[in-house]
Q: 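Input: one structure, supplied below.
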Amino acid sequence: MDSSQFKSQSIGNINSLSKSRKCQTVELSPLEKSLINLLQHGLPVCERPFAQIAEAVSSTEKAVIECVNKLRREKVLTRFGPMFDAASLGGAFTLAALAVPEEDFDLVTEQVNSFEQIAHNYRRDHDFNMWFVIATESAEEIEQIVQEIEIKTNLKVLNVPKLKEFYVNLYLPV
Amino acid sequence: MSVTTQEKITKDKLSEQERQYILLTQNGLPIIEEPYHAIAKQMNLSVEQVLTLTKSMQERGIIRRIAAVPNHYKLGYQYNGMTVWDIDDEHAEKLGDVVGQLPFVSHCYLRPRFLPEWNYNLFAMVHGKTQEEITKYRGQIKELLKEILVKRNNDSSQNFITMSNDMLTSTAILKKTGLRLKK
């Protein structure tokens, strides 16, 4: 097995955020809300973790397991389990941006997205209006992809790899 | 607490057992009464060994946390802003740590500047339910950073104005994929 090989899993295509904003929010039961709030902080590492969670939310292990499975199935939870440090998995990453002329935006989107090394790509309201993550097996390959994108799009890539990452404490209460 | 890129590069390579663990769990932990027993069975280990391995990977930062990640949009957090800041390098690490601890920040990084087009070195992604909410969060970060924002002279020969901070909101997802370790 090669430790540094990634494959990309396509999750979705072009989504207009303004269009989807109105209809996406879901109704949640009190148990679902408690579990979402609690499980964002973490699951204990022990033989019966859901039994411990059940105790914390005054429910049963069975109900908790059913509820978490439902939330996962309905994609209210996009992930459930260990979050691995991407760099530990052996890949190289960078954040990059392009200032794309408005009339070329669709074409450049297609050109940039055609690289399988592009993991995420977002349109943002700025002169640099296209922001994407490049994920490769090695640092050298990052440079290579940056150059290939510049050739393909005829635009200069703003390449801003992280110099330092700070631990975060994101919590989205419901 | 912060982790430098340097530390990560020098981190030990994964053992074969760790690779196997990642392959088995990267799409999620089984949501059953005894999830670690299920992993143990597949790895031909005892559950005690799997729990020890899990804790060891957590301590070494290979596993950041074992938790649920909600879909922001479905919970009503439909607005995100990439706040960017031009702050004194001298204080950047200390203040970056403080910004990262804010509960509405999902990512916080120091990145290189590319002058004159890009003068921002600190990036912090904020999430909220309304535009007003993320604007308020930007204000809270500004309050923390106000003493160390870089004041640059605007050169009238340039056709753009250099600001000390900005917030880029996303207007469309153009591509989104998940990263996975390959078998």
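Side chains are part of it too, since the values below use all heavy atoms of this structure and drop only hydrogens, waters and symmetry mates. Proteins get letters first, then strands, A, B, ... in listed order; numbering begins at 1 in each.
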Q: Got a salt bridge between Lys74(B) and Glu32(A), using NZ or NE/NH1/NH2 to carboxylate O under 4.0 Å?
A: no
Q: Using modelled atom types and a 3.5 Å cut-off, is there a donor and acceptor pairing between side-chain atoms of Thr78(A) and backbone atoms of Val69(B)?
A: yes
Q: Taking Glu47(A) for the side chain and Glu48(B) for the main chain, is one N or O donor matched with an acceptor at less than 3.5 Å?
A: no
Q: What I'd like to find out is whether the side chain of Thr171(B) reaches to under 4.5 Å of the side chain of Tyr122(A), using heavy atoms alone.
A: no
Q: Quick one: does Asn69(A)'s side chain have a donor or acceptor within less than 3.5 Å of a partner on Ile31(B)'s backbone?
A: yes
Q: So do Leu122(B) and Phe166(A) actually touch side chain to side chain, heavy atoms under 4.5 Å?
A: yes
Q: Could you check if a side-chain atom of Leu170(A) sits within less than 4.5 angstrom of a side-chain atom of Val105(B), using non-hydrogen atoms only?
A: no
Q: When you measure from the side chain of Arg79(A) to the backbone of Gln26(B), do you find a donor-acceptor pair of N or O atoms at a distance under 3.5 Å?
A: yes
Q: In terms of heavy-atom proximity below 4.5 Å to chain B, should Leu28(A) be classed as side chain, backbone, both, or neither?
A: side chain
Q: Between Asp166(B) and His126(A), is there a side-chain heavy-atom distance shorter than 4.5 Å?
A: yes
Q: Taking the side chain as every heavy atom from C-beta outward, state whether Leu172(A) and His72(B) have any pair of such atoms under 4.5 Å apart.
A: yes
Q: Is Leu158(A) in contact with chain B via its backbone, its side chain, both, or neither, using a 4.5 Å heavy-atom distance?
A: side chain
Q: Please answer: with hydrophobic residues joined when any side-chain heavy atoms are less than 4.5 Å apart, are Trp85(B) and Val150(B) in the same cluster?
A: no
Q: Please classify the contact between Glu66(A) and chain B as side chain, backbone, both or neither, with a heavy-atom cut-off of under 4.5 Å.
A: neither
Q: For Phe132(A), is it the side chain, the backbone, both, or neither that has a heavy atom closer than 4.5 Å to a heavy atom of chain B?
A: neither
Q: Please rank Cys108(B), Pro30(B), Gly28(B), Ala124(B) by heavy-atom pairs under 4.5 Å with chain A and give me the top one.
A: Cys108(B)
Q: Using a 4.5 Å cut-off on heavy atoms from C-beta on, say whether the side chain of Leu174(B) contacts that of Met130(A).
A: yes
Q: Taking the side chain as everything from C-beta on, heavy atoms only, tell me whether Asn169(A) gets closer than 4.5 Å to Pro103(B).
A: no
Q: Can you tell me how far the CD atom of Glu34(B) sits from the CZ atom of Arg48(A), to the nearest 0.5 Å?
A: 5.5 Å
Q: Using non-hydrogen atoms only, which part of Asn159(A) is less than 4.5 Å away from chain B: side chain, backbone, both, or neither?
A: backbone
Q: Counting only N and O atoms by type, is there a donor-acceptor contact under 3.5 Å from the side chain of Arg64(B) to the main-chain atoms of Asp85(A)?
A: no
Q: Counting heavy-atom pairs closer than 4.5 Å to chain A, which one of Tyr21(B), Tyr109(B), Phe114(B), Tyr36(B) comes out on top?
A: Tyr109(B)
Q: Nearest heavy-atom pair of Ala67(B) and Gly42(A): which atoms, and what distance?
A: CB-CA, 3.8 Å
Q: Measure distances from Ile36(A) to the heavy atoms of chain B and classify the residue's part below 4.5 Å as side chain, backbone, both or neither.
A: side chain
Q: Contact between Glu117(B) and Phe128(A) at the side-chain level, heavy atoms closer than 4.5 Å - yes or no?
A: yes
Q: State which residue, out of Leu51(B), Ile63(B), Thr52(B), fulfils the side-chain contact (heavy atoms from CB on, under 4.5 Å) condition with Val45(A).
A: Leu51(B)
Q: Going hydrophobic residue to hydrophobic residue with side-chain gaps under 4.5 angstrom, can you get from Val98(B) over to Leu149(B)?
A: yes
Q: Would the distance check show the side chain of Lys175(B) and the main-chain N or O of His120(A) forming a donor-acceptor pair, the cut-off being under 3.5 Å?
A: no
Q: For Pro173(A), does its backbone N or O pair with a side-chain atom of Tyr77(B) as donor and acceptor, under 3.5 Å?
A: yes
